[in-house]
Amino acid sequence: YNLLIDAGIKKGMHILDIGCGRGDVSFLLADMVGIEGSVLGLDLDDNALEIARKHASDHVLTNVDFIKSDLNELSIDNRQFDAIVGRRVLMYLPDPRRVISELSAMLKIGGIMIFQESDSTLSSKSIVPMPLHKQVDKWIWDTVEREGGNIHIGFDLWSLLTQKGLIIEKLQAEAVVQTPDKPLPRAMIVKLMLPRIIKTGVATENEIDINTLEDRLTEERENTNAIYIGEIVFLACARKIG
Ligand SMILES: C[S@@+](CC[C@H](N)C(=O)[O-])C[C@H]1O[C@@H](n2cnc3c(N)ncnc32)[C@H](O)[C@@H]1O
């Protein structure tokens, strides 16, 4: 929320949320732009879009809409947006530079693009050895990579956004720090990703042993009583200047 405020999201803006998934970011934006503004969420996953649309209708949200579209074959009429936002989506695109260039054409002059992307390059770090935490992160990142995701996208953001008509206003990276009393729900994420982890051949059900994973992670945290950095999150903002 604060990142979006700092990036200049304001009441009355018309925003495109690319790769909106279930709409978590779209709903946050819809709240920020108010009824004078609007948010259009775009994704190609029917199931995610259905969940997003249901949430919007259950909460009678009239300033947010969702459409099915493939970013690799963009064809959104000539609507112009004040801001284009994407969270954890560029990493899945085979040619993000081209997509950014096409999105730029849909941005008003003076409009802003805001991307938040996770990056594995500096992740899985601890001073005290935490092998199970490292193993879990490796399962997650290896799966995304085998599915074609770019797990070093953060380091590519500068060159991706250095394009004609755009000026990078902010590029920052923040470590996600886990402490023994504030862990991330890693076992839950592994549980959600389990079919994908197995399908990509990253690990077997026996190796993961999902029913005991949460307890084993807790035990490792309690035994080490140390900080662990699971991932680095990059934020990039670029303004359209021409
Ligand atoms: C990790 S999820 C992030 C969802 C949402 N931005 C969030 O942060 O909650 C990535 C999303 O990008 C979507 N996506 C991936 N490739 C896409 C493409 N070519 N066109 C449209 N959406 C795409 C996926 O369907 C998925 O919903």
Side-chain angles (χ1 to χ4, degrees), residues 1-4 7 9 15-33 39-56 59 61 64-77 79 81 83-106 112-120 123 137 139-154 156-157 160 174 176 184-186 188-197 199-200 230-237:
Y1 183 85
N2 286 338
L3 292 176
L4 291 168
I9 299 299
I15 303 183
L16 178 68
D17 178 16
I18 60 158
C20 61
R22 299 167 173 212
D24 293 353
V25 176
S26 315
F27 295 125
L28 186 62
L29 290 165
D31 190 43
M32 295 173 81
V33 298
V39 178
L40 181 64
L42 175 161
D43 206 290
L44 46 59
D45 181 345
D46 281 316
N47 294 331
L49 287 170
E50 201 175 305
I51 292 168
R53 288 190 186 116
K54 183 169 182 324
H55 180 98
H59 293 80
L61 301 173
V64 56
D65 219 342
F66 295 97
I67 55 162
K68 182 174 181 173
S69 178
D70 184 346
L71 287 161
N72 300 317
E73 294 162 28
L74 266 177
S75 63
I76 294 195
D77 43 55
R79 226 179 292 191
F81 297 91
I84 297 178
V85 174
R87 182 173 78 173
R88 281 185 284 123
V89 61
L90 295 179
M91 65 187 297
Y92 295 107
L93 304 177
D95 189 354
R97 193 178 165 81
R98 183 176 59 81
V99 174
I100 288 169
S101 157
E102 289 174 6
L103 289 171
S104 171
M106 293 157 57
I112 186 112
M113 277 191 198
I114 307 167
F115 297 113
Q116 193 182 56
E117 295 288 328
S118 293
D119 187 289
S120 74
S123 75
D137 278 347
W139 287 334
I140 294 172
W141 287 115
D142 283 358
T143 301
V144 173
E145 190 169 35
R146 285 193 194 181
E147 289 173 341
N150 175 358
I151 63 171
H152 306 292
I153 185 82
D156 288 343
L157 284 173
L160 288 176
E174 193 174 289
V176 178
L184 286 176
R186 268 347 205 196
M188 194 193 77
I189 291 170
V190 171
K191 195 170 182 176
L192 289 172
M193 289 182 69
L194 200 57
R196 293 162 58 196
I197 295 174
K199 188 173 169 210
T200 48
E231 67 183 309
I232 306 285
V233 177
F234 280 74
L235 177 78
C237 302

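Whatever order the structure lists ligands and atoms in, that order sets their numbers, starting from 1. Every heavy atom of this structure was used, including side-chain atoms; hydrogens, water molecules and symmetry mates were not. This one's a predicted model, so the numbers in the text were calculated from it and none came from an experiment.
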ring-ring contact (aromatic ring centres under 6.0 Å, His included) involving Phe66 - partner list, sequence neighbours excluded: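 If we apply the ring-ring contact (aromatic ring centres under 6.0 Å, His included) test to Phe66, skipping adjacent residues, the hits are Phe27.
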
Quick one: side-chain hydrogen bond (donor to acceptor under 3.5 Å, both in side chains) partners of Asn72, sequence neighbours excluded?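 Scan of Asn72 (side-chain hydrogen bond (donor to acceptor under 3.5 Å, both in side chains), adjacent residues dropped) gives Asp70.
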
How would you list, by chain and number, every residue that makes a side-chain hydrogen bond (donor to acceptor under 3.5 Å, both in side chains) with Glu50, sequence neighbours excluded?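 Per chain and number, Glu50 pairs via side-chain hydrogen bond (donor to acceptor under 3.5 Å, both in side chains) with no residue.
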
Stepwise, does the salt bridge (charged side-chain N to carboxylate O under 4.0 Å, His left out) test hold for Asp43 with Arg22? CA-CA 9 Å; Asp43 206 290; Arg22 299 167 173 212; over 6 Å; no

Has Glu174 got more than 12 heavy atoms of other residues, nucleotides or ligands less than 6.0 Å from its CD?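 It does not: Glu174 CD has 12 such atoms or fewer within range.
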
Tabulation required: pairs of a nitrogen or oxygen in ligand 1 and a protein nitrogen or oxygen under 3.5 Å; columns are atom names and distance to 0.1 Å; otherwise 'none'.
unit_1	atom_1	unit_2	atom_2	d
ligand 1	6 (N)	Gly19	O	2.7
ligand 1	6 (N)	Arg87	O	2.9
ligand 1	8 (O)	Arg87	NE	2.5
ligand 1	8 (O)	Arg87	NH2	3.2
ligand 1	9 (O)	Arg87	NH2	3.1
ligand 1	19 (N)	Asp70	OD1	2.8
ligand 1	19 (N)	Asn72	ND2	3.4
ligand 1	20 (N)	Leu71	N	2.9
ligand 1	25 (O)	Asp43	OD1	2.6
ligand 1	27 (O)	Asp43	OD1	3.4
ligand 1	27 (O)	Asp43	OD2	2.7

Within the structure provided, determine whether Asp119 and Leu157 are in side-chain contact (heavy-atom separation under 4.5 Å). no

